Colleague: 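Let me give you the structure first, and then I'll get to my questions.
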2 protein chains.
Amino acid sequence: MILDSETKATELPDDHRDEIRLWLRLLTCTTLIEGEVRSRLRERFDVTLPRFDLMAQLDKVPDGMTLSDVSKRMMVSNGNVTGLVERLVESGHIDRRTSDADRRVQVIRLTKAGRAEFRKMAAEHELWIADIFGELTPKDVRELMRLLAKTKGSAQKSAKARTA
Amino acid sequence: MILDSETKATELPDDHRDEIRLWLRLLTCTTLIEGEVRSRLRERFDVTLPRFDLMAQLDKVPDGMTLSDVSKRMMVSNGNVTGLVERLVESGHIDRRTSDADRRVQVIRLTKAGRAEFRKMAAEHELWIADIFGELTPKDVRELMRLLAKTKGSAQKSAKARTA
DNA sequence: CCAGATTTCTTTAGGGTTCAAGTAATTGGC
DNA sequence: GCCAATTACTTGAACCCTAAAGAAATCTGG
C-alpha cells in the first residue's frame, strides 16, 4: 500500500508537525486580529485593549465585581488588575469601594461616564469584528465555534493534568 | 415561514453577536494555550516565550537574519526586537554582527550553545503541543487549519482596507 | 555629485504582564 | 477566644510591548 510506506517515510515514530502548525496558525490569527483591534481602539478612542476588556467585564454586571473576579474572568494576574484598576479609577471610568462585608475586598463598577463611553466603543467594536470575520459564512462560524470549544476542552484537560 | 419570523425576532437589523462570541472564544483558546506553554517553558527551562519564539525563528536559518526580518516574522515592533536581542546576546544564546554590505543592518544567529539549547527545548515543546491538542482528531486538525486560514485571509483583507 | 527620501536600528516614555513576597482581613479548628 | 491557614489585594523587580522620535547609512533623481 503506497500511502502506508509514504506515511512511514515522512512521519517517523511520533510526528506532531500538524499540531505545531495548527498552534502557530491559531496564534497568528489571534495576534493579527488582536493587533488590529488594538490599533483601532487606540486610533479611534485612545484607549488600550486591556482597559477595554476590563470595562467589558464590568458592563455585564450593574452591581460591580471584585478584583479577584476580574482577574479570573480576564485570565490575568492579580497584580496586573491592581494596576489597571488604578489607572481606570484615575481616568474616571470606574469607581472602587471597599466591601462592607469583607474589608479585604474591593468592589469596582463602571461610573456613569465610563458606561456611556464603553457603550459607544462597544458599538463600533462590534462592527470591526463583523468586518474582520466578514468572509466567513454562518456555517464556517458555527464550525469554528465547535472546533474551538473542543480545543479549549482539550487544552484545559492538559493544563489540569500538569498542575495536578 | 417560521424560521424567517424567528430570525427577524431574535437578530435585529444587524446583529453580530455570533462573530463576537467567535472572537472571544478564539482569544480564550489562544490565551489558555499560550499561558500553558509559557508556564512550562519557565518551569522546565527558565526561559520566556518571546525568547523561545525568537530562537525558533533563528533555528530555521543557518546564516542568520536581520532584526527587521525577525520583527516582521514575529509581528512585533522593531524596538521590541532590539531589547530581546540584547538580552539573548547577553545570555550567550545568539550572536550579532553588523552586515558588511550595509552597515545599518545587524545580522543575528544562534550560537552553537544557543542552538543546542533550543533544540532541547523544541523537542519537549512539540510534545506539550501534541498533548494540549490531544483530543482533536486528525480531521478536526485539518478542518481547523482550513477555517483558520480563511479567517486569517479575512482579517488581513480587513486590516488592509483600513490602512489603505 | 548631492540633497531629499527611505530604510534600519535604537532610544524614550508609558503601559501591560508575570511571579514572588508581603500585608491585612477572615475563617476554621480546637 | 486564639492561633494557624487561607484569601484578597498590593508591591517590587524584571521583562515584554508599542508608538513616536531620532540617528546613521543607503538610495535616488536630477
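Just so you know, these numbers come straight off a predicted model, no measurement behind them. Per chain, numbering begins at 1; letters A, B, ... match sequence-line order.
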Colleague: Nearest to the side chain of L67(B), heavy atoms from C-beta on, is which of dT10(C), dA8(D), dA25(D)?
Modeller: dT10(C)
Colleague: Atom CE of M74(B) to atom C1' of dT18(D): distance rounded to whole Å?
Modeller: 14 Å
Colleague: Considering non-hydrogen atoms only, spot the tightest contact between R40(A) and S158(B) and give its length.
Modeller: NH2-OG, 3.0 Å
Colleague: Please report the distance, rounded to the nearest Å, between CD in E86(A) and C1' in dG15(C).
Modeller: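 Between C1' of dG15(C) and CD of E86(A): 12 Å.
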Colleague: Pick the closest DNA chain C nucleotide for A101(A) and for S77(A) by heavy atoms, then say which residue is nearer the 5' end.
Modeller: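 Nearer the 5' end of the strand: S77(A).
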Colleague: Can you tell me how far P of dT18(C) sits from CG of L84(A), to the nearest Å?
Modeller: 10 Å
Colleague: Just the rounded figure in Å: distance from P of dA8(D) to CG of N78(A).
Modeller: 9 Å
Colleague: Using a strict cut-off of less than 4.0 Å between a Lys/Arg side-chain nitrogen and an Asp/Glu carboxylate oxygen, indicate whether E124(B) and R44(B) qualify as a salt bridge.
Modeller: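 Salt bridge present between E124(B) and R44(B).
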Colleague: List the steps and the verdict of salt bridge (charged side-chain N to carboxylate O under 4.0 Å, His left out) for R162(B) and E36(A).
Modeller: CA-CA 9 Å; R162(B) 179 180 64 90; E36(A) 187 60 22; 2.4 Å; yes
Colleague: Given T111(B), which of V89(B), D95(B), L58(B) fulfils the side-chain contact (heavy atoms from CB on, under 4.5 Å) condition?
Modeller: D95(B)
Colleague: For L88(A) and I108(A): C-alpha separation, side-chain torsions, deciding distance, then whether side chain to side chain contact (heavy atoms under 4.5 Å, CB included) applies.
Modeller: CA-CA 10 Å; L88(A) 278 168; I108(A) 56 175; over 6 Å; no
Colleague: So which one's nearest nucleotide on DNA chain C is more toward 5', V76(A) or D102(A)?
Modeller: V76(A)
Colleague: From CD of Q106(A) over to P of dA24(C), roughly how many Å is that when rounded to an integer?
Modeller: 14 Å
Colleague: Can you figure out which of dC9(C), dC15(D), dA25(D) approaches the side chain of R96(B) most closely?
Modeller: dC9(C)
Colleague: Rounded to whole angstroms, how far apart are CZ on R103(B) and C1' on dT26(D)?
Modeller: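 That distance rounds to 10 Å.
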Colleague: Any side-chain N or O of R87(A) less than 4.0 Å from the OP1 or OP2 oxygen of dG14(C)?
Modeller: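 For dG14(C), neither OP1 nor OP2 has a side-chain N or O of R87(A) closer than 4.0 Å.
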Colleague: Measure CD/E90(A) against C1'/dG15(C) and give the value in whole Å, please.
Modeller: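 Roughly 14 Å, once rounded to whole Å.
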Colleague: Over all strands shown, is S68(A) touching base, sugar-phosphate only, or nothing at heavy-atom distances under 4.0 angstrom?
Modeller: sugar-phosphate
Colleague: Looking at side-chain heavy atoms only, is the closest gap between F45(B) and H125(B) below 4.5 Å?
Modeller: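 Result no, sub-4.5 Å side-chain heavy-atom pair not found.
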Colleague: Rounded to whole angstrom units, what separation is found between the CG atom of N80(B) and the P atom of dT17(C)?
Modeller: 14 Å
Colleague: For DNA chain D, determine which residues of residues 28-66 of chain B have any heavy atom closer than 4.0 angstrom to one of its atoms, and list them numerically.
Modeller: T48(B), P50(B), R51(B)
Colleague: Let's test your reading of the model: under 3.5 Å, does the base of dT26(C) pair with the side chain of R104(A) as donor and acceptor?
Modeller: no
Colleague: Check each of L49(A), V76(A), V70(A), L110(A) against L54(A) using the side-chain contact (heavy atoms from CB on, under 4.5 Å) test, and report the only one that passes.
Modeller: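 Option passing the side-chain contact (heavy atoms from CB on, under 4.5 Å) with L54(A): V70(A).
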